[in-house]
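Keep in mind that what you see is a predicted model, and the values were worked out from it rather than measured. For reference, positions follow the sequence shown, starting with 1.
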Amino acid sequence: MNNKLNTSAKALISCDLINDVVKLFGDTFLVAYFLQVSNENIVQVSLYYIIVYALLGLGHILLGKTLKKHTKGRINIYRIGIIVKSIFVLLIVLLKNNINSYYIGIAIFYGISEALYWSAHGLMNIEVVENSNRQKYTVISRILSKTLSIILPIILGTTIELTSFTNIAIYVFALTVLQIAVSFFIDSNKFNSQGKCEKYNLKEFVKSLSAAQKEKVRNITRLAFLYGLMMDTIRVLIVVITIMTFKTSIDLGILTTLFSICSMFSLFLFNKFYNKKHAKGLLSYCAIVALIGVIGLLINISKETLIIYNFTYSITVYILEIMYKINLGNIVNENNIQQWLVEYHTMLEAVMDIGRIIGFSLLLITGLLNNIVYFKILLLVVTLSIPLYAIIMYRMETTINK
């Protein structure tokens, strides 16, 4: 069996790596910058992400018809997303310290770029990679991403402190231009056209599923919701707590690098040793370790408890993420729903964005209440979603091939 990655898959990984740089800059350090120029205004950060994910979810739904009808045109939508993201980075360069006054406009540009980018990317990610090497593709992609995140946070954090945030934005803008060039190596002939004759219809997709298919799609949809609720909310919470605790971008960069090393090592072990026989033990481990990590922060938010929580998060949550992404793609071919690929992807992404919006709405309420007790309650709520996620993932792992 040939398990070598084709040129399109390699090009998509390369684009993803560049996007990881942009995301690290646009999420981790932009959040830190927002907190710095807004006197640690959590409400503003929450509103920013609510706008971004509302546009992302709406964009997936609105773009569905076009993505299904024009299969080869998906790569163009993907490239337009990169171009709009370039404009987003350019706006950061131009606005400089005034970014705080225009955060709604910045959020709109970022939300539109994310909708264009991920609505097409999610489909391409499923279509250019075969089930036989999907685990290899996904793990390699995440290990390379984590390797990059070992080096970059320290470089970005130190450079921002020594020069300025906007100087780094210029280099990030140049990378988005390179990303557009790399995207031309993705072969649009690989995109599925089986569903082209079918009209884009989310209701018909659900009605067409058998009882067994519905159960599998229902489980992956539940995972999508919890993924959105926990992954992004916890990530931003960690940045907020880190900035409030350590105060500088250098510390944020160093800690991000250290925890990236931990997560990369756990992903390496997952790729080397994991099979479905180990699912129950591994998922139980992830759930228990994540809960142990949050206990310290609930007792007292300090540098020590923050480091412990970051450590437990980094060695568990990314394993859950990669298991989700493997199952996400495998379900399509194993259940013969290729003709409904766009509807399948749109539904999952919309549900995931609902989870994200709920998570950041809770963060918004916490910011308005401005009390550390509510902050801890939110941290506990989103962390408790990890064991629930693990339970549903175990069902997926033990029934996916039945």
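Closest heavy-atom contact between Met230 and Val382: CB-O, 3.8 Å. For Met393 against Leu320, the heavy-atom pair with the smallest separation is CE-O, 4.0 Å. When all heavy atoms of Phe173 and Ser86 are compared, the closest pair comes out as CD1-O, 3.4 Å. Minimum heavy-atom separation, Leu55 to Ala107: CD1-O, 4.2 Å. When all heavy atoms of Gly81 and Ser113 are compared, the pair lying nearest together is O-CB, 3.6 Å. The two residues Arg74 and Ala120 make their nearest non-hydrogen contact at O-CB, 3.4 Å.
For Phe360 and Tyr49, the ring centers sit closer than 6.0 Å to each other.
Considering only heavy atoms from C-beta on, Tyr324 comes within 4.5 Å of Ile220 through its side chain. The side-chain heavy atoms of Tyr102 and Ile108, taken from C-beta on, include no pair separated by under 4.5 Å. Counting only heavy atoms from C-beta outward, the side chains of Ile337 and Leu341 never approach each other to under 4.5 Å. Inter-residue side-chain proximity for Ile358 and Phe225 is flagged as met; some heavy-atom pair is nearer than 4.5 Å. Within the 4.5 Å cutoff, side-chain heavy atoms of Tyr53 are placed close to those of Leu56. Taking 4.5 Å as the limit, every side-chain heavy atom of Ile42 sits out of range of all side-chain heavy atoms of Thr366. The shortest side-chain heavy-atom distance between Glu343 and Glu204 does not fall under the 4.5 Å cut-off. In this structure, the side chains of Leu378 and Ile365 stay at 4.5 Å or more apart for every pair of heavy atoms.
Using bins of under 30°, 30° to 60° and over 60° for the plane-to-plane angle, the ring pair Trp118/His121 lands in the perpendicular bin. Note on ring orientation: taking the six-membered ring where Trp is involved, the planes of Tyr110 and Tyr48 are parallel (angle under 30°, cut-offs 30° and 60°).
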Inset, instruction - Let me see the working for His60 and His345 under side chain to side chain contact (heavy atoms under 4.5 Å, CB included), right down to the final yes or no. - result: CA-CA 9 Å; His60 273 109; His345 177 254; 3.8 Å; yes

Legend entry - side chain to side chain contact (heavy atoms under 4.5 Å, CB included) evaluation trace for Ile315 with Tyr285: CA-CA 10 Å; Ile315 63 173; Tyr285 154 81; 3.3 Å; yes

Inset, instruction - Applying side chain to side chain contact (heavy atoms under 4.5 Å, CB included), run through Val21 and Leu17 and close with a yes or a no. - result: CA-CA 7 Å; Val21 179; Leu17 291 176; over 6 Å; no

Inset, instruction - Evaluate the criterion side chain to side chain contact (heavy atoms under 4.5 Å, CB included) for residue pair Thr176 and Val22; output intermediate values, then yes/no. - result: CA-CA 8 Å; Thr176 60; Val22 180; 3.8 Å; yes

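Here the CG-NZ distance, from Asn219 to Lys216, works out to 10.0 Å after rounding to the nearest 0.5 Å. Taking CD1 of Ile180 as the reference point, atom CG of Leu175 lies at 11.5 Å (rounded to 0.5 Å). The CD1 atom of Ile308 sits 11.0 Å away from atom CD1 of Ile292, with the distance rounded to the nearest 0.5 Å. Taken from OG in Ser385 to CE in Met231, the straight-line distance is 10.5 Å, to the nearest 0.5 Å. Here OG1 of Thr312 is found 12.0 Å from CD1 of Ile307. Values are rounded to the nearest 0.5 Å. Annotation: the span from Leu144 atom CG to Ser14 atom OG amounts to 8.5 Å, rounded to 0.5 Å.
Taking the charged nitrogens against the carboxylate oxygens, Asp353 and Arg356 do have a contact shorter than 4.0 Å, which makes a salt bridge.
A donor-acceptor pair under 3.5 Å is formed between the side chain of Asn327 and the backbone N or O of Met323. A distance-only check finds no donor-acceptor pair linking the side chain of Ser141 to the backbone of Tyr137 [under 3.5 Å].
Applying the side-chain hydrogen bond (donor to acceptor under 3.5 Å, both in side chains) criterion to Ser361, with sequence neighbours excluded, gives no partner residue. The side-chain hydrogen bond (donor to acceptor under 3.5 Å, both in side chains) search around Tyr344 returns none, not counting sequence neighbours. For the ring pair (Phe, Tyr, Trp, His ring centres under 6.0 Å) test, no residue two or more places apart in sequence or in another chain qualifies with Tyr389.
Relative to the six-membered ring of Tyr117, Lys85 meets both conditions, a distance below 6.0 Å and an angle of at most 45° to the axis.
Glu321 and Tyr227 share a donor-acceptor pair across their side chains, judged by distance under 3.5 Å alone. Residues Thr383 and Tyr309 bring a donor and an acceptor atom of their side chains to less than 3.5 Å of each other.
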